[in-house]
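Naming: A, B, ... by sequence-line order, numbering from 1 per chain.
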2 protein chains.
Amino acid sequence: MPRSQTTKKPTRIQREKTRAILEAALDVFSDFGFRGSTIDMIAARAGLSKPNILYYFDNKEAIHKTLLAELLQTWLDPLHQIDEAGDPIEEICGYVAQKLKMAREFPRESKLFANEILQGAPHILPEIQGELKELTSLKAKVVKSWIKAGKLADIDPYHLFFSIWATTQHYADFDIQVRSVLGDGSDPFETAGPFLDKMYRTMLRP
Amino acid sequence: MPRSQTTKKPTRIQREKTRAILEAALDVFSDFGFRGSTIDMIAARAGLSKPNILYYFDNKEAIHKTLLAELLQTWLDPLHQIDEAGDPIEEICGYVAQKLKMAREFPRESKLFANEILQGAPHILPEIQGELKELTSLKAKVVKSWIKAGKLADIDPYHLFFSIWATTQHYADFDIQVRSVLGDGSDPFETAGPFLDKMYRTMLRP
DNA sequence: ATATTTTTTGACTATATGGTCAAGTATTGT
DNA sequence: ACAATACTTGACCATATAGTCAAAAAATAT
């Protein structure tokens, strides 16, 4: 009986293999998108046979769903950490730095997410309209209170967040373009960090 | 003899049908990506049969390539228009406004491009490393000269361009996310315009 | 050691999809 | 009107791919 239909505690093999499959699937999905990826590709990358993959996951979509669910939490985490009690500019620049760090360290996750949203979020629209929307609106209120207190320039909190998401994830999602334009040699993230920090400090100063 | 193999001047029907096919293909490719799109989908959207599509284009990839080639020119055009002789801040804010307008009016083109880059630019890497790289480097020099002349704040021209591309195209590419977070009703582009204008004016002021 | 359970896979099916082709239909030029 | 050319398509093929299954192999429990 496959793991996916059991409620028992998973065995060591189950833990290891599901991990290996998800790891391989992240590679493949982030590079080719959902439709462009095949179970065979994932199997090859994981060093398993196709039926073996399907022993651990009901189908291709189940693998994808699992990845997206994990991903969303990682994606939302830095936003959670914005603290109303902290210094406004430091909090937001810290958030920018955190998002950029994530784009650097987890580019596959960023691309997987971008692929999903780009195609109209067919698998995670509910979460986008739920969790993400709620959390963003919560933190937008925090930004608004900072503005009202005169601690930040008067800018639209939502568009502020959009611009942060766009600029930071750009370095992961459009990686090939960024590197092509810069030419090889330098690490885009190295120079992007100071640039974004300066940019947001300038625009946020009241 | 199909159009794709002829050098003669195209007939009226050829012009009309190829247009209809490209129009339908843009719809489909921008929504589902290259691998996620089928010739049948394009045929259905264009109101033609599959063999008829393949009478005008050699294969699926040829349709995609044609779209990308047209697209790249549209994409590069606003960058071309940046004029060294103009007022630096107005030139750059004009560029931002132009890019945002394009994201609004041609979201399908933006998504097609995003899909392509996201998957590693398999079909237009040469153009990215050629035309785009050259033009960007040319305009980066212009920005540098403006900075040297004390007319702009001292920022990295490349990252400036990246941030402009990211923030403007975000509204087309991540459209579903933007609308989900804002909730329905307001037009994201309406409020994004003033936000971005203010943002770039603030950060560019010397 | 043996029984039980879990894991693995070769061989398979069904379907989707890119692409072909020969024969038919419409359009155009004279 | 008629021939030449351009256009269209139903039927088809080859391949790729998601997913199944029964039987073998490996791991685990007793």
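The interatomic distance linking A:E16 (CD) with C:dT8 (C1') rounds to 15 Å, in whole Å. A straight line from CG of B:D40 to P of C:dG18 spans 7 Å, rounded to a whole angstrom. The CD1-P distance, from A:I53 to D:dT17, rounds to 15 Å in whole Å. For B:K50 and C:dG19, the NZ to C1' distance is 7 Å, given to the nearest whole Å. Atom CG of B:D58 and atom P of C:dC21 are 13 Å apart (whole Å). At whole-Å resolution of the value, CD in A:Q14 and P in C:dT5 are 15 Å apart. Distance, B:R15 CZ to C:dT28 P: 11 Å, rounded to whole Å. Atom CG of B:L54 and atom C1' of D:dC7 are 14 Å apart (whole Å).
Using a cutoff of 4.0 Å between basic side-chain nitrogens and carboxylate oxygens, A:D27 and A:R45 are scored as salt-bridged. Ionic pairing of B:R104 and B:D187 is present here: one or more N-O contacts between side-chain nitrogen and carboxylate oxygen are shorter than 4.0 angstrom. A salt bridge links A:E90 and A:R201; the closest N-O separation between the charged side-chain nitrogens and carboxylate oxygens is under 4.0 Å.
Here the nucleotide nearest the side chain of A:I39, chosen from C:dT20, D:dC21, D:dA18, is D:dA18. Nearest nucleotide to the side chain of A:N59, out of C:dT7, C:dG18, D:dG19: D:dG19.
In this pair, A:W165 and A:W75 present their aromatic rings perpendicular. The plane angle is above 60°, beyond the 30 to 60° band.
For D:dT8, the OP1/OP2 oxygens have a side-chain nitrogen or oxygen of B:K17 closer than 4.0 Å. For A:Y55, a side-chain nitrogen or oxygen approaches OP1 or OP2 of C:dT7 to under 4.0 Å. For the OP1/OP2 pair of D:dT9 and a distance below 4.0 Å, the side-chain nitrogens and oxygens of B:N52 include at least one atom meeting the criterion.
You won't find any donor-acceptor pair under 3.5 Å spanning the side chain of A:K60 and the base of D:dG19, going by distance alone.
Taking the ring centre of A:F161 as origin, the terminal cationic atom of A:K139 falls outside the region bounded by 6.0 Å and 45° from the ring axis.
DNA chain D is contacted by B:R35 of residues 20-35 of chain B, taking any non-hydrogen atom closer than 4.0 Å.
Separation of the B:H64 and B:F57 ring centroids does not fall under the 6.0 Å cut-off.
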Determine, stepwise, if the pair A:E23 / A:K17 fulfils salt bridge (Lys or Arg N to Asp or Glu O under 4.0 Å). CA-CA 10 Å; A:E23 174 65 21; A:K17 293 288 162 79; over 6 Å; no
